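Note that the structure is a prediction, hence the values are computed from the model and not measured. A, B, ... follow the sequence lines: proteins, then strands. Residue 1 opens every chain.
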There are 2 protein chains.
Amino acid sequence: MNTILLNVNSTEPMYQQIYRYIIQQISDGVLKAGDKMPSTRTLSQNMSISRNTVSAAYDQLVSEGFLEAVEKSGYYVCQISELYHPHTLKTERETTSGILDKAAILDFTPFTVDISHFPYATWRKLYNNCISDMNEEVLQPGNIQGDYRLRESISNYLLDSRGVHCTPEQVIVGAGNDYLIQLLCQLFKEKRHFAMEDPVYIRAYQIIQGFGHMVAPIPVESDGINLSILEHSNCDIAYVTPSHQYPLGVIMPITNRLRLLAWANKKPNRYIIEDDHDSEFRYKGRPIPALQGEDSNGKVIYMGTFSRAIAPGMRVGYMVLPTDLLDMYHKNLSYYSSTVSRVEQAVLANFMTNGYFERHLNKMRKVYKQKHDLVLRCCRIFGDQIEISGENAGLHLVVTFKEFKNEPFFFNFMETQGIRLYDLSPHYIENTMKLDRINALLGFAGIDMDSIESSIHQLNLAIQKYKQQYVNSLDNS
Amino acid sequence: MNTILLNVNSTEPMYQQIYRYIIQQISDGVLKAGDKMPSTRTLSQNMSISRNTVSAAYDQLVSEGFLEAVEKSGYYVCQISELYHPHTLKTERETTSGILDKAAILDFTPFTVDISHFPYATWRKLYNNCISDMNEEVLQPGNIQGDYRLRESISNYLLDSRGVHCTPEQVIVGAGNDYLIQLLCQLFKEKRHFAMEDPVYIRAYQIIQGFGHMVAPIPVESDGINLSILEHSNCDIAYVTPSHQYPLGVIMPITNRLRLLAWANKKPNRYIIEDDHDSEFRYKGRPIPALQGEDSNGKVIYMGTFSRAIAPGMRVGYMVLPTDLLDMYHKNLSYYSSTVSRVEQAVLANFMTNGYFERHLNKMRKVYKQKHDLVLRCCRIFGDQIEISGENAGLHLVVTFKEFKNEPFFFNFMETQGIRLYDLSPHYIENTMKLDRINALLGFAGIDMDSIESSIHQLNLAIQKYKQQYVNSLDNS
């Protein structure tokens, strides 16, 4: 496929014609799983159209799971279920990557949760109570920071379960943490120097950089972000995940926490953003208390989300601002209205105050611990071919395949074997090259308890198959 | 009140101690309705604390309806219901301004809708159907632009009712238009020159300026934004409300629309942002079609919201991007996840596709027309003391009190009479001084049909009372 015939008279945007054409090719079997796509540069040149147009089509296809972007290599066709037919496109395109071809693909995504235990009945009951003519207020504009009752429930929850000290007035509820990070980027009006863990929650990096702030990637060691490098940097804001580093899963010990706070206390304009993304789920020992609890000088901005604790589809996160930043927020950003539906705020507040949230967390902690433990047990079949890290917390493990050089095609090969693994490399801001071996994020939340064993077995078979081909290819070369 | 005793050892932030103190003073009757507060400068100097701290407290009190900020004059204590007691603070502070003292205040707010006709039963039914273990997907992450079915419903609705031409792929759903404006501000990476109607939806102005874009206020004439001034400006993006100018309510005739499009077509980097905020509600003649429908060169960014059509508490808006901007969006902003709860997206999509939305709009159009007509009829008692403009559409009228010079205290006096009117002045970016008379936004959506007559009567009494005092004060001076 060196070029695509476009209908220049069509009202349909070009990128979309390309998009449809490629999907057609895939569903017709012309493009097969594992096929390498022409580069955006080649294709755009051959078609003499803007490269952005081709990229837009490719990005869309990637985000919908038709293509896979392999860093420093190119775009490859994904394994799509035989069940897939283009006429079901509209409904299927809606499903998020990983759900699209669930039927065919064993998906170890770290981005999902186990929703089979979601308390539907309770939620419906609470919702029906909240939205009624007895409660018209939920249809009216609300407080810009979020409804006070919800902020109160959150601050109580944070104190009890995370050791976070704050008043409801310090809590800002927003439509997901990506949005709250946007607010922070605007709160720091003049451009600042951010230090970010490398590897990192890459979206946060993209947002902060998109706002024109400087970002210095700082390596993550076995005890969290490298503080010496931070201390010698010119950064004044550190974005960290001390309780459970994302994605590596390491924990920052108290000594480093105090040292990090000391760093922040050295200068008035220094702050720490603590992203406490999944600390609800710890399976060994006591929960790691939040860094914010040890901060007595208003240096820590605490962020949390309900995406992992309840469901990603909810789009509700929150942050706790130190009082001086809170003043800045009221002064400079108070024109932003709240971004969360007031009914769902009310439901969530009741869900928390009536104890449902805690019960749900306890149940999910059990469920995830069982899955976590079983995955670890099953992984014994790999012997010392693999190394596992980031265990005992969160919803994924980091698996290092010690026998294989870091070869991006590995993940594509796995797709062809009906297995979707998630490469660690794209989580790095820079020097991913130090990864000389293949590292995969092995998410276990989305896999049914009773298919974990067979899933790991299937993974093992695929690995052995790759090993043979890999060894062969080594021989050939 | 020249200073406030603060507990420096308290963990409670200073601005909050000030905040509570003032509320206490109000509820104790020490501070009375209409009292002028010490300026933030004076108070902060007397207390030798940061002025921001005092401002933060004042802002909070304003946003909660305890104080009123009068431009170029200062802060005044509002009329609070006798029902008000500080121990009910937590729940009351949550209620949004205008609801706080509903009991006592006759509130002509233009920012609310009539929710007494909200289809609660239907909504609950749809919600209960959407959130069930048969439909687990609504708990998972969704498409970054919003669920396809909702975008499809929106694009169909826009074509049928607004003459907007777009594919679902061009639609971006977001948590309110303020959020979508943020996205636009980031989409135009390098700083741009925005032209905005003056007066304007002031939040849009604050957001766009907050992002560092240049904003040129352009006067609004009887036929919309002054095109000659626009054409002679160096602006390349025009933010307009052609179907029903906010807040003045004038309509841009087709000739001006074509001239505006011609302006945009002159240069490749020129765009028009069409904010079609309340065009669902037109009570005379045929609805004014959207400007976007006349655009054949991808120059118009169309924005709409469900805040007026359904309820402000929902926090759902949408925009339609021209395909080149859509490519830019996919290229540069695709790392932003959607900001709207997927359940509510599903409910809204069903609400639209099953015809409930259209039925609701038709009903509300009738309701608002009745209120609109009755208000106009009742206003006859003012004779030629007032002048009414912006009628026949939307949810508010603009009332000019011809006999009174533009005296900010007027609105505070009205508060003391238990009437909340909304000054037009704060909607101006600049030269509000050309307003030599008092102009008020008279919102009618939130007032019960059967209390409109008495409300206007009450307003009339207050006006006559103000007239006397006003005349007296003139005599005294």
Side-chain angles (χ1 to χ4, degrees), chain A residues 13 15-16 52-53 55-56 59-60 63 90 93-96 99 111-112 115 118 120 123-124 127-128 131-133 136-143 147-149 169 175-176 178-179 182 186 203 206-207 210 311-315 323 327 330-331 334-344, chain B residues 13 15-16 52-53 55-56 59-60 90 93-96 99 111-112 115 118 120 123-124 127-128 131-133 136-143 147-149 169 175-176 178-179 182 186 203 206-207 210 311-315 323 326-327 330-331 334-344:
Chain A
Y15 90 91
Q16 202 183 316
N52 288 355
T53 309
S55 303
D59 293 347
Q60 184 65 19
S63 65
K90 274 190 178 173
R93 80 195 313 168
E94 254 339 81
T95 63
T96 54
I99 302 181
F111 306 118
T112 188
I115 47 181
F118 183 82
Y120 290 102
W123 198 269
R124 278 193 296 263
Y127 190 93
N128 293 340
I131 192 158
S132 84
D133 45 15
E136 289 189 335
E137 192 195 308
V138 296
L139 297 173
Q140 297 288 16
N143 183 295
D147 290 356
Y148 191 85
R149 275 193 56 245
E169 286 73 15
D178 294 0
Y179 172 72
Q182 280 186 69
Q186 296 173 68
R203 271 187 170 162
Q206 292 167 310
I207 295 169
M314 273 188 53
R315 318 305 308 131
T323 50
D327 292 351
H330 287 143
K331 197 73 193 155
S334 54
Y335 47 75
Y336 280 121
S337 40
S338 165
T339 47
V340 183
S341 149
R342 290 200 68 200
V343 192
E344 297 217 324
Chain B
Y15 90 91
Q16 199 184 315
N52 288 355
T53 310
S55 302
D59 293 347
Q60 185 65 20
K90 275 187 180 176
R93 79 197 312 168
E94 250 342 79
T95 62
T96 54
I99 302 182
F111 306 119
T112 189
I115 46 180
F118 182 83
Y120 290 102
W123 197 267
R124 278 193 295 263
Y127 190 93
N128 292 339
I131 192 158
S132 85
D133 46 13
E136 288 189 337
E137 191 195 308
V138 295
L139 298 174
Q140 296 288 14
N143 184 294
D147 291 356
Y148 192 84
R149 274 193 57 245
E169 285 72 14
D178 293 0
Y179 173 72
Q182 280 186 71
Q186 295 174 68
R203 272 187 169 165
Q206 292 167 308
I207 295 169
M314 274 188 52
R315 319 304 309 131
T323 50
L326 189 64
D327 292 351
H330 288 143
K331 194 72 197 158
S334 54
Y335 47 74
Y336 279 122
S337 40
S338 165
T339 47
V340 183
S341 149
R342 289 199 69 200
V343 192
E344 297 217 323

Test side chain to side chain contact (heavy atoms under 4.5 Å, CB included) on A/Phe118 and B/Asp133; report intermediate values, then the result. CA-CA 8 Å; A/Phe118 183 82; B/Asp133 46 13; over 6 Å; no

Intermediate values then yes/no, side chain to side chain contact (heavy atoms under 4.5 Å, CB included), A/Glu136 and B/Tyr120: CA-CA 10 Å; A/Glu136 289 189 335; B/Tyr120 290 102; 3.4 Å; yes

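In terms of non-hydrogen atom pairs under 4.5 Å with chain A, the most contact-rich of B/Ile207, B/Val343, B/Asp178 is B/Ile207. In terms of non-hydrogen atom pairs under 4.5 Å with chain A, the most contact-rich of B/Thr339, B/Val138, B/Leu139, B/Ile115 is B/Leu139. Of the listed residues (A/Ala56, A/Ser55, A/Gly313), the one with the most heavy-atom contacts under 4.5 Å to chain B is A/Gly313.
Here the OG-CZ distance, from B/Ser334 to A/Arg203, works out to 8.5 Å after rounding to the nearest 0.5 Å. Taken from OG in A/Ser338 to CZ in B/Arg315, the straight-line distance is 6.5 Å, to the nearest 0.5 Å. How far CD of B/Glu344 is from CD of A/Glu344: 4.0 Å, rounded to the nearest 0.5 Å. Between the NE2 atom of B/His330 and the OG1 atom of A/Thr53 there is a distance of 12.0 Å, given to the nearest 0.5 Å.
Side-chain contact between B/Phe111 and A/Gln140 is absent, with no heavy-atom pair separated by less than 4.5 Å. Side-chain contact check for A/Arg342 versus B/Met314: every heavy-atom pair is 4.5 Å or farther apart.
For chain B, the nearby parts of A/Gln206 are the backbone and the side chain; heavy atoms of each come within less than 4.5 Å. Residue B/Tyr335 touches chain A through both its backbone and its side chain, counting heavy-atom pairs closer than 4.5 Å.
The aromatic rings of B/Tyr127 and A/Tyr127 lie parallel to each other, with less than 30° between the two planes, well short of the 60° mark.
Shown here are the salt bridge (Lys or Arg N to Asp or Glu O under 4.0 Å) partners of A/Asp327, two or more places apart in sequence or in another chain: there are none. Taking the side-chain contact (heavy atoms from CB on, under 4.5 Å) definition, one finds that A/Ser132 meets it with A/Met134, A/Asn135, B/Arg124, sequence neighbours left out.
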